[in-house]
Amino acid sequence: MAAVRKPVLLGLRDAEVRGHPTGPGAWTASKLGGVPDALPAVAAPRPVCPRCGEPLALVVQVYCPLEGSPFHRLLHVFACARPGCGGSGAHSWKVFRSQCLQVPEKEAQPPQKQENGLDAQDWCDGANDWGSDSEEVPPSQTPLDCGNGPNSSKGGDWTTQLQHLRLQDAAPDTIQQGQGVTLPTVPPLQFLPYYIAVVDEDDYRDCAGLDHAQSLLRDYQHREGVALDQLLSQGLPNDGDEKYEKTVMKSGDQIFYRFMKRIAACREQILRYSWSGEPLFLMCPVSDVTEPPACSHCGGPRTFEFQLMPALVSMLQAADSGVSVEFGTILVYTCERSCWPPNHPTPLEEFCIVQEDPDELLFK
């Protein structure tokens with residue numbers, strides 16, 4: 001029996017974040033750039049670059065609660081945007097996970113699924129809350145309903161009930177020291193903030209995009225002297241094949257071609273979300289991608305959750321024109337159990353893989 005492909009949500013740049021939103025309206029919103037929002041009773045992550053020692057810039061914030069879990073859940077991805085680092089290499093990137101109970105602990109049900117592991121589809125229940133929670137929502141993007149809407153049998157959306165609440169923001173000088181969380185010595189660089197809207201990949205098809213991708217791939221084939229369609233039909237050889245070494249080298253073209261073909265229908269996608277799904281590799285994966293390290297807190301396995309896409313690079317804008325990051329795709333892996341210590345005050349660090357862009361001109 002063939003494996004069932006996991007659903008994929010695509011993140012697109014939405015309206016600009018205006019002002020300084022606070023409370024649930026801030027931390028239930030997914031966004032690129034700006035400053036990290038903090039969940040109640042959990043400090044916002046403030047990591048520094050291990051190479052240059054300067055504060056890292058927030059690249060994306062993703063609100064992604066899991067079905068069957070009593071926790072709000074927030075992921076932050078940071079990169080070093082300083083000249084000389086520029087997001088180059090895994091050392092310049094950090095990922096943090098923050099969680100807090102959706103209701104007071106005495107009212108919460110025992111988190112049995114949290115102990116036994118989460119179902120592979122659990123991420124989908126929070127998908128409707130993953131996009132912009134601002135008052136300014138452009139009509140061009142329709143939130144994805146995964147059974148979490150007001151008419152769903154699963155119950156009403158708690159976000160609406162909380163939107164009028166306001167929480168007192170913690171003073172930046174009181175950030176607690178923790179695992180990878182450090183009080184910055186200088187103001188961090190910031191990218192201009194935009195909300196992230198969500199669409200379902202299966203509902204987002206663009207024939208013109210496919211034509212454009214085919215044109216780019218033809219240029220790539222001509223420049224590199226490879227016949228990608230023929231390579232795809234051949235597959236990989238046996239170990240005894242005398243052309244093994246040459247074909248393995250060309251397998252990078254095969255993976256790159258599949259990457260381009262998959263994103264062709266929506267070239268502006270900046271994020272692909274598929275909890276416990278399959279990542280879309282840009283180049284041949286290495287062992288630390290196929291087997292990410294165990295969770296640093298509970299020792300359990302990590303699973304793929306989402307990845308950042310090449311289109312995001314040109315959308316990360318800052319007042320300082322010399323500030324930038326460069327990458328092909330960033331693959332984010334998180335604890336499969338989404339473990340969280342009781343009353344933990346600081347975010348837990350997760351794991352990411354940086355794959356550089358083999359041909360950055362294709363994504364401009």
| message | Assess, by modelled atom type and distance only, whether the side chains of His76 and Gln61 contain a donor and an acceptor separated by less than 3.5 Å. | response | yes
| message | Any non-hydrogen side-chain atom of Leu9 less than 4.5 Å from a side-chain atom of Glu201? | response | no
| said: Suppose we screen for side-chain hydrogen bond (donor to acceptor under 3.5 Å, both in side chains). Which residues come up paired with Glu350, at least two apart in sequence or across chains? | reply: Arg97, Arg302
| field | Euclidean distance, Gln355 CD relative to Leu282 CG, rounded to 0.5 Å | value | 6.0 Å
| remark: Closest non-hydrogen contact found for Ala26 with Pro21 is CB-O, 3.5 Å
| Would you say the side chain of Ser338 lies within less than 4.5 Å of the side chain of Arg73, judging by non-hydrogen atoms? | yes
| request: Begin with the C-alpha distance, continue with both residues' side-chain angles, and end with the deciding distance and a verdict on salt bridge (charged side-chain N to carboxylate O under 4.0 Å, His left out) for Lys31 and Asp37. | output: CA-CA 10 Å; Lys31 65 181 181 180; Asp37 296 301; 3.0 Å; yes
| Residue of the set Val42, Leu74, Val95, Leu39 for which side-chain contact (heavy atoms from CB on, under 4.5 Å) holds with Pro347 | Val42
| note | Distance col, row Gln269:CD vs Ile196:CD1, nearest 0.5 angstrom, shows 12.5 Å
| field | Main-chain N/O of Lys94 paired to Glu349 side chain as donor or acceptor, under 3.5 Å | value | no
| What residues, two or more places apart in sequence or in another chain, satisfy side chain to side chain contact (heavy atoms under 4.5 Å, CB included) together with Pro341? | His297, His344, Leu348
| query | For Leu32, which of Leu192, Leu271, Ile270 qualifies under side-chain contact (heavy atoms from CB on, under 4.5 Å)? | reply | Ile270
| said: Which residues pass the side-chain hydrogen bond (donor to acceptor under 3.5 Å, both in side chains) test with Thr329, not counting sequence neighbours? | reply: Gln307
| Under the 3.5 angstrom rule, does the side chain of Trp340 hit a backbone N or O of Gln99 as a donor-acceptor pair? | yes
| task | Kindly indicate whether the side chain of Leu75, heavy atoms from C-beta on, has any atom under 4.5 Å from the side chain of Thr334. | result | yes
| task | Under the ring pair (Phe, Tyr, Trp, His ring centres under 6.0 Å) rule, collect the residues that match up with Tyr194, sequence neighbours excluded. | result | none
| Geometric class of the Phe304/Tyr333 ring pair [parallel <30°, tilted 30-60°, perpendicular >60°] | perpendicular
| Under the 3.5 angstrom rule, does the side chain of Ser92 hit a backbone N or O of Ala79 as a donor-acceptor pair? | no
| query | Can you check whether Phe306 and Trp275 have ring centres sitting under 6.0 Å from each other? | reply | no
| Would you find a donor on one side and an acceptor on the other, under 3.5 Å apart, between the side chain of Thr303 and the backbone of Glu336? | no
